[in-house]
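Below is one structure; the comments refer to it alone.
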Amino acid sequence: GNSPVVPNHFAVDNRHVALILSGPNAGGKTVALKSLGLLAWMMRAGIPLPAQEGVRVDFFSLVAADIGDAQKVTTGLSTFSGHLLRLKNIVELADQNSLILLDEIGMGTDPAQGSALAQSVMEHLLKVGARLVVTTHFSRIKALSQVDTRYVTMAAEFFDGRPTYQL
């Protein structure tokens, strides 16, 4: 059957340069993250955007993402090591014209260490001027918007035990 389109509104601008997407599993956080990346690439390619009239998407010279499992059994690369390698490459390339998309940043290790690593990577990316969108379950990361206005936290909504895919 046909599923209805669920519109969402995201703003990553000069005032709020980092968007933190949270909420339960299967709520659409990663889909939203991928959609943002796809829209940024469509903008770069001059493809009309499937968005409401008046929507603005900046042109980013770099759109980089760490989404999905980076495990490689053949080379002994664990999931966490694979994410670290991707983060290293992203950190080296990011600048003020970058949109960085990070799915479940810091996962795959001890939660205290993972959230500290996630926060330090995020802080570095903001320091170089990148725009940032992350998904997370870490309370420490979700709480950043309470103490730092550069961050905005949005949560995936559930209604009657089912995801609405609305943030």
Side-chain angles (χ1 to χ4, degrees), residues 6 8-40 60 62-96 98-167:
V6 178
N8 278 296
H9 177 80
F10 305 97
V12 183
D13 54 29
N14 289 332
R15 186 169 161 235
H16 303 293
V17 292
L19 178 59
I20 300 166
L21 303 177
S22 183
N25 289 325
K29 298 179 302 292
T30 301
V31 170
L33 188 74
K34 289 177 178 179
S35 296
L36 283 167
L38 181 59
L39 290 170
F60 296 99
L62 173 70
V63 179
D66 180 15
I67 300 173
D69 192 349
Q71 182 179 44
K72 291 185 183 174
V73 176
T74 57
T75 61
L77 192 65
S78 71
T79 297
F80 183 68
S81 297
H83 285 295
L84 286 179
L85 186 58
R86 285 187 194 162
L87 286 174
K88 176 186 178 289
N89 292 333
I90 289 170
V91 163
E92 289 173 351
L93 295 172
D95 64 15
Q96 70 277 3
S98 301
L99 175 62
I100 309 299
L101 309 168
L102 303 172
D103 191 30
E104 298 295 345
I105 184 173
M107 292 298 283
T109 191
D110 173 78
Q113 293 174 356
S115 62
L117 172 68
Q119 185 175 353
S120 66
V121 167
M122 292 168 64
E123 288 294 325
H124 172 79
L125 291 170
L126 294 183
K127 183 178 178 184
V128 299
R131 303 279 175 89
L132 180 62
V133 182
V134 302
T135 67
T136 190
H137 289 285
F138 290 140
S139 297
R140 175 182 183 152
I141 301 304
K142 292 187 283 186
L144 287 173
S145 63
Q146 301 294 319
V147 295
D148 189 335
T149 60
R150 297 176 301 168
Y151 295 92
V152 173
T153 301
M154 297 178 77
E157 177 184 68
F158 263 61
F159 183 75
D160 283 340
R162 301 189 63 144
T164 65
Y165 305 107
Q166 185 74 44
L167 296 175

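Computation of the quantities below employed the complete heavy-atom set of this structure, encompassing side-chain atoms and omitting hydrogens, waters and symmetry-equivalent molecules. Residue indices begin at 1 and follow the sequence shown.
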field: Smallest separation among heavy atoms of A32 and L21, with atom names
entry: CB-CD1, 4.1 Å
- request: Report the C-alpha separation of H83 and M107 in whole Å, then their side-chain angles, then the decisive distance to 0.1 Å, and conclude whether the side-chain contact (heavy atoms from CB on, under 4.5 Å) test is met.
  value: CA-CA 9 Å; H83 285 295; M107 292 298 283; over 6 Å; no
Verdict with supporting geometry, L102 and L87, side-chain contact (heavy atoms from CB on, under 4.5 Å): CA-CA 9 Å; L102 303 172; L87 286 174; 3.7 Å; yes
field: 4.5 Å side-chain heavy-atom contact, T136 and K29
entry: no
message: Keeping H16 on the side-chain end and T149 on the backbone end, is there a donor-acceptor pair under 3.5 Å?
response: yes
query: Where do M154 and I20 land on the side-chain contact (heavy atoms from CB on, under 4.5 Å) test, with the steps shown first?
result: CA-CA 6 Å; M154 297 178 77; I20 300 166; over 6 Å; no
field: Nearest-0.5 Å distance, CZ of residue F159 to OH of residue Y165
entry: 15.0 Å
message: If you compare all heavy atoms of K142 against all heavy atoms of S22, which two are closest, and at what distance to 0.1 Å?
response: CD-OG, 2.7 Å
field: Q119 and I105, any side-chain heavy atoms less than 4.5 Å apart
entry: no
message: Using a 3.5 Å distance criterion without hydrogens, assess whether the side chain of S98 forms a donor-acceptor pair with backbone atoms of I100.
response: no
- request: Give a yes or no answer on whether the side chain of R86 reaches the backbone of I67 with a donor-acceptor pair at less than 3.5 Å.
  value: yes
- request: Applying side chain to side chain contact (heavy atoms under 4.5 Å, CB included) between L62 and each of I90, L99, L93, report the one that passes.
  value: L93
- request: Take V128 and Q96 through the side-chain contact (heavy atoms from CB on, under 4.5 Å) test and state the conclusion after the steps.
  value: CA-CA 6 Å; V128 299; Q96 70 277 3; over 6 Å; no
query: Is any side-chain heavy atom of L132 closer than 4.5 Å to a side-chain heavy atom of V134?
result: yes
field: Name of the residue among L126, L19, V17 meeting side chain to side chain contact (heavy atoms under 4.5 Å, CB included) with Y151
entry: L126
- prompt: Shortest non-hydrogen contact from R140 to S115?
  reply: CD-OG, 3.5 Å
task: Before accepting this row, confirm whether a basic side-chain N of the pair R150/D148 lies closer than 4.0 Å to the acidic partner's carboxylate O.
output: yes
task: Kindly say whether E104 contributes a backbone atom to a donor-acceptor pair with the side chain of T135 at under 3.5 angstrom?
output: yes
message: Give me the atom names and distance for the closest heavy-atom approach of L125 to A94.
response: CD2-CB, 3.5 Å
query: Under 4.5 Å between any side-chain heavy atoms of L144 and T153, yes or no?
result: no
query: Taking all atoms of both residues into account, what is the closest heavy-atom pair of F60 and A40, and its distance?
result: CD1-CB, 4.5 Å
query: Salt-bridged, E92 to K88, with N to O below 4.0 Å?
result: yes
